[in-house]
Amino acid sequence: MSDEPQAKDDFTEHELAATTIYRGRLLQVREDTVRLPNGQHALREYVLHPGAAVILPLFEDGAVLLERQFRYPLRRHFYELPAGKLDSGEVPLVTAKRELREETGYEAEHWQHLCTLHPCVGYSDEAIDLFLARGLSFRGHSRDVDEFLETLVVPLDKALAWVGQGRITEVKTILGLLWADRLGRGESVGPL
């Protein structure tokens with residue numbers, strides 16, 4: 001017997017027409033006409049995203065590797081876990097390994113997929129795969145020419161305090177830190 005509640009109604013919306021209204025280097029914006037469950041029509045605007053991978057680099061002492069970088073849309077610096085978008089045809093684990101090395105200079109001996117995140121289901125199809133990286137060793141970074149960031153090794157309890165203080169507000173990082181806390185307490189690596 002499944003733990004999932006039994007669905008009583010089908011609220012599926014059916015695409016009637018799709019229009020790409022913007023196509024950039026990273027994102028596309030679509031406007032679709034859909035048929036609602038009651039037969040009425042509605043417009044749905046959303047962003048198509050190539051997907052991404054986020055890495056939870058965890059040191060043997062329980063500290064985490066964070067990055068501090070400027071994010072233009074919000075015009076401020078953020079503390080984040082290393083992450084990056086998938087290149088065309090790339091599987092998320094390959095992206096995670098590439099981004100960890102390029103951005104931070106670290107490589108990991110052990111990798112484990114923790115979960116898939118959908119950070120903004122109301123307006124995007126973005127999926128982010130979260131990976132645990134252990135057995136870290138520094139090899140030297142190879143950042144892109146337009147990539148400016150600082151790496152920090154932060155004790156987990158301090159990083160979690162930064163979440164509570166509003167110093168870390170970026171969602172994939174908060175979720176990754178919650179995973180790290182769970183692992184630090186010896187809990188199994190299954191769904192949260």
What I'd like to find out is whether the side chain of T173 reaches to under 4.5 Å of the side chain of W162, using heavy atoms alone. no

Roughly how far apart are L132 CG and L114 CG, rounded to 0.5 Å? 5.0 Å

Could you tell me if the side chain of V54 sits less than 4.5 Å from the side chain of L175, heavy atoms only? no

Do P57 and L100 have side chains that get closer than 4.5 Å, going by heavy atoms? yes

Quick one, L93 and H113 - any side-chain contact, counting heavy atoms below 4.5 Å? no

Please report the shortest heavy-atom distance between G62 and L156, naming the atom on each side. O-CB, 3.5 Å

Straight-line distance of L177 CG to E170 CD, nearest 0.5 Å: 9.5 Å

So do L86 and D129 actually touch side chain to side chain, heavy atoms under 4.5 Å? no

Would you mind checking if K172 and E126 are paired as a salt bridge, meaning a charged N to carboxylate O distance below 4.0 Å? no

Please determine which of H77, E80, R76 meets the side chain to side chain contact (heavy atoms under 4.5 Å, CB included) test together with R71. E80

Note: L66 and I168 closest approach over all heavy atoms is CD1-CD1, 4.1 Å

Whether over 12 other heavy atoms sit under 6.0 Å from F138 CZ: yes

According to a 4.5 Å side-chain heavy-atom criterion applied to Ile, Leu, Val, Met, Phe, Trp and Tyr, with indirect links allowed, do L56 and L149 form part of one hydrophobic cluster? no

What are the two closest non-hydrogen atoms of A53 and P92, and how far apart are they? CB-O, 3.6 Å

Test of understanding: with side chain to side chain donor-acceptor pair (under 3.5 Å), list the residues that count as partners of S88, not counting sequence neighbours. none

Working to the nearest 0.5 angstrom, can you tell me the gap between K85 NZ and I128 CD1? 13.5 Å

Check R44, R35, R30 against E15 for a salt bridge (charged side-chain N to carboxylate O under 4.0 Å, His left out) and give me the one that passes. R30

Kindly work out whether a path of hydrophobic side-chain contacts (I/L/V/M/F/W/Y, heavy atoms less than 4.5 Å apart) joins L36 to L16. no

hydrophobic_cluster_shared for V154 and L183, side chain cutoff 4.5 Å: yes

Hey, is R98 close enough to E90 for a salt bridge, meaning N to O under 4.0 Å? yes

Same cluster or not: V94 versus W111, using hydrophobic residues (I, L, V, M, F, W, Y) connected whenever any side-chain heavy atoms lie under 4.5 Å apart? no

Taking side chain as C-beta onward, heavy atoms only, is V64 less than 4.5 Å from L58? yes

Whether the side chain of D32 engages the backbone of V34 through a donor-acceptor N/O pair (distance < 3.5 Å, no angle test) should be reported. no

Side chains of P82 and E99: closer than 4.5 Å at any heavy-atom pair? no

For Q165, does the CD atom sit with more than 12 other heavy atoms under 6.0 Å from it, leaving out its own atoms? yes

Sidechain-backbone polar pair: R101 side chain, G140 backbone, donor-acceptor under 3.5 Å: yes

Applying ring-ring contact (aromatic ring centres under 6.0 Å, His included) as the test, list every pair that has at least one member in residues 47-69; sequence neighbours left out. F59-Y106

Verify, without hydrogens or angle tests, whether D9 (side chain) and F11 (backbone) share a donor-acceptor contact under 3.5 angstrom. no

Do Y79 and L81 land in one hydrophobic cluster if side-chain heavy atoms of ILVMFWY residues count as linked below 4.5 Å? yes

Side-chain donor-acceptor pairs under 3.5 Å in residues 17-27, sequence neighbours left out?
unit_1	atom_1	unit_2	atom_2	d
R23	NH1	Q28	OE1	3.3

Nearest heavy atoms of T169 and G166, plus distance in Å: CG2-O, 3.3 Å

